[in-house]
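Reckoned from all heavy atoms, side chains included, excluding hydrogens, waters and symmetry mates. None of these values were measured; they are calculated from a predicted model. Naming: A, B, ... by sequence-line order, numbering from 1 per chain.
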Amino acid sequence: MPEGPSIVFLKNKLQRFKGQTVSEASGYSEMDKSAIDHIKIMDIETYGKNLFFVFKDFFVGVHLGLFGSMLVNKRKKVNASFALHFPHSEINFYVAKTHLYQGKPSDHFNFKTDILKKEYDGEFVLKSIREDHTEEMIGDVLLDQKLFTGVGNIIRIESLYRAKIHPDSLVKDIPEKKLVYLIETVVNYAYEFLDFLKNDEVKEKALIYEKKICPKDKTELIAEEMGKVHRKTYVCPKCQKLYS
DNA sequence: TCCAATGTTTCGCC
DNA sequence: GGGCGAAACATTGG
């Protein structure tokens with residue numbers, strides 16, 4: 001179950017499939033799979049919460065949504081929504097949405113906003129939110145995949161706590177230095193998240209996500225939906241400042 | 001058994 | 001058209 005780092009984690013597991021030739025694609029997803037037939041996987045990439053299988057003239061995007069999962073050389077009882085078969089192995093996706101794109105990923109997506117890509121450009125993100133999203137709450141902005149590609153609810157909550165910013169603060173009210181620090185924190189935490197995945201300890205290493213009290217001063221946390229995004233948000237009312 | 005959840009799209013209704 | 005809310009999704013874990 002996926003935020004950006006979980007997808008990178010999956011991509012890393014699939015490295016040996018680069019250069020391999022797909023013998024068949026299957027699954028109940030509506031995407032036309034007829035072009036994926038005895039062709040070579042040129043590359044496997046990510047963009048935020050999307051996993052891409054790159055072929056010569058097109059690529060396939062896989063999105064796991066909230067319930068999706070991937071198995072290599074194993075199957076669940078239910079049918080896969082998408083699967084790639086090889087002579088001696090297979091990759092199966094469950095409850096995944098797929099989309100076939102012409103061209104290459106960089107034709108369609110701006111890598112500067114992807115928190116886990118080499119091309120990530122924090123200054124570009126800062127500029128974008130200070131130009132066009134000043135009236136929005138930072139808690140909402142963080143989930144905007146066009147601005148913070150790959151950020152999910154856990155990264156959002158944990159980053160705001162670490163940066164000591166209340167999610168209901170409007171972008172225009174947050175000092176620039178604080179925004180810069182938040183943007184750095186998001187990226188640093190995303191890499192920590194990726195590391196935690198190796199030992200399946202994302203939740204136990206979280207500071208306030210799904211917790212009751214602030215680890216710093218034992219203040220009772222607030223846990224409710226905030227902003228426009230209907231997602232449960234955890235906040236320490238003492239540590240996190242509401243800028244206004 | 002029930003409920004919520006690391007997500008996004010679609011649909012119906014103003 | 002836009003904005004908003006609810007539903008949907010071959011799920012899963014507490």
Side-chain angles (χ1 to χ4, degrees), chain A residues 1-13 26-31 33 46-52 60-71 74-83 90-101 108-109 113-116 132-133 135-137 139-162 167 185-212 221-235:
Chain A
M1 288 158 234
E3 299 198 13
S6 307
I7 306 305
V8 172
F9 187 72
L10 294 183
K11 182 198 78 170
N12 291 343
K13 284 213 271 194
S26 64
Y28 65 79
S29 77
E30 287 176 17
M31 180 185 70
K33 293 173 269 292
T46 63
Y47 179 68
K49 299 166 192 171
N50 299 279
L51 182 65
F52 295 145
V60 173
V62 180
H63 197 295
L64 298 184
L66 192 53
F67 307 140
S69 58
M70 180 188 92
L71 290 177
K74 275 180 257 171
R75 289 187 188 185
K76 298 195 176 196
K77 285 184 183 148
V78 294
N79 293 320
S81 56
F82 181 62
E90 63 186 20
I91 308 169
N92 295 304
F93 293 97
Y94 299 91
V95 204
K97 282 241 183 292
T98 54
H99 193 270
L100 195 147
Y101 302 85
H108 296 259
F109 302 100
T113 59
D114 187 326
I115 54 170
L116 288 164
D132 299 323
H133 301 272
E135 301 293 329
E136 293 172 45
M137 290 184 260
D140 289 339
V141 171
L142 276 170
L143 280 183
D144 187 332
Q145 297 300 298
K146 288 217 163 76
L147 298 167
F148 289 95
T149 311
V151 170
N153 207 26
I154 298 178
I155 295 177
R156 172 177 88 107
I157 288 165
E158 291 289 314
S159 302
L160 285 168
Y161 174 73
R162 283 162 172 74
T185 302
V186 166
V187 173
N188 291 339
Y189 178 68
Y191 282 102
E192 269 185 65
F193 191 126
L194 180 56
D195 213 41
F196 294 155
L197 284 168
K198 291 174 193 154
N199 300 310
D200 192 24
E201 55 189 11
V202 172
K203 287 195 178 181
E204 70 181 80
K205 295 277 185 165
L207 298 180
I208 63 167
Y209 179 77
E210 290 187 330
K211 303 290 191 292
K212 294 269 185 240
L221 298 172
I222 299 166
E224 57 187 42
E225 288 186 3
M226 297 177 194
K228 288 191 182 176
V229 201
H230 292 175
R231 303 297 295 276
K232 190 185 269 189
T233 311
Y234 294 79
V235 176

Watson-Crick or G-U wobble mate for C/dG14, both contacts under 3.5 Å: B/dC2
Expressed as a whole number of Å, how far does the P atom of C/dA10 sit from that of B/dC11? 15 Å
Whole-Å distance between B/dA5 C1' and A/Leu64 CG? 15 Å
Mind checking the CG-NE2 spacing from A/Leu51 to A/His63? Nearest 0.5 Å is all I need. 11.0 Å
Can you tell me how far P of B/dT8 sits from CG of A/Asn50, to the nearest Å? 8 Å
Based on the glycosidic angle (syn within 90° of 0, else anti), state the conformation of C/dA6. anti
Between C1' of B/dT10 and NE2 of A/His230, the distance in whole Å: 16 Å
Cut-off 3.5 Å, side chains only: do A/Ser69 and A/Lys76 have a donor facing an acceptor? yes
Considering only the C1' atoms, how many Å lie between B/dT6 and C/dG5, rounded to the nearest integer? 22 Å
Any donor and acceptor pair, going by atom type alone, linking the side chain of A/Ser81 with main-chain N or O of A/Ala96 inside 3.5 Å? yes
A/Glu225 CD - B/dA4 C1' separation (whole Å): 11 Å
If you measure from the Lys or Arg side-chain nitrogens to the Asp or Glu carboxylate oxygens, is any gap between A/Lys228 and A/Glu136 under 4.0 Å? no
Counting the atoms with a prime plus P, OP1 and OP2 as sugar-phosphate, which does A/Lys97 contact under 4.0 Å by heavy atoms, base, sugar-phosphate, or nothing? nothing
Given that A/Gln145 and A/Phe67 both sit by DNA chain B, which one's nearest nucleotide is further toward the 5' end? A/Phe67
A/Tyr209 and ring-ring contact (aromatic ring centres under 6.0 Å, His included): which single residue from A/Tyr234, A/Phe193, A/Tyr161 fits? A/Tyr234
Distance under 4.0 Å to a non-hydrogen atom of chain A counts as contact; along DNA chain C, which nucleotides mark the start and end? C/dC4 to C/dT12
Considering only the P atoms, how many Å lie between B/dA4 and C/dA6, rounded to the nearest integer? 13 Å
CG (A/Asp200) and NZ (A/Lys205) are apart, to the nearest 0.5 Å, by 12.5 Å
Figure out the CD/P separation between A/Glu210 and B/dC3, and round it to whole Å. 18 Å
With a 4.0 Å cut-off on heavy atoms, is A/Tyr209 in touch with a base, just the backbone sugar-phosphate, or nothing at all? sugar-phosphate
Rounded to the Å, how far apart are A/Lys146 NZ and B/dT8 P? 11 Å
Gap between atoms NZ and C1', on A/Lys232 and B/dA5 respectively (whole Å): 9 Å
Hey, is NZ on A/Lys97 packed in by over 12 heavy atoms from elsewhere, all under 6.0 Å? no
Aromatic plane relationship, A/Phe93 with A/Phe82 - under 30° parallel, 30 to 60° tilted, over 60° perpendicular: parallel
Select base, sugar-phosphate, or nothing to describe what A/Lys203 touches, counting heavy atoms under 4.0 Å on all strands. base
By the 4.0 Å heavy-atom rule, please label A/Asn153 as base, sugar-phosphate, or nothing. sugar-phosphate
Interatomic distance where CD belongs to A/Glu192 and C1' belongs to B/dT6 [whole Å]: 16 Å
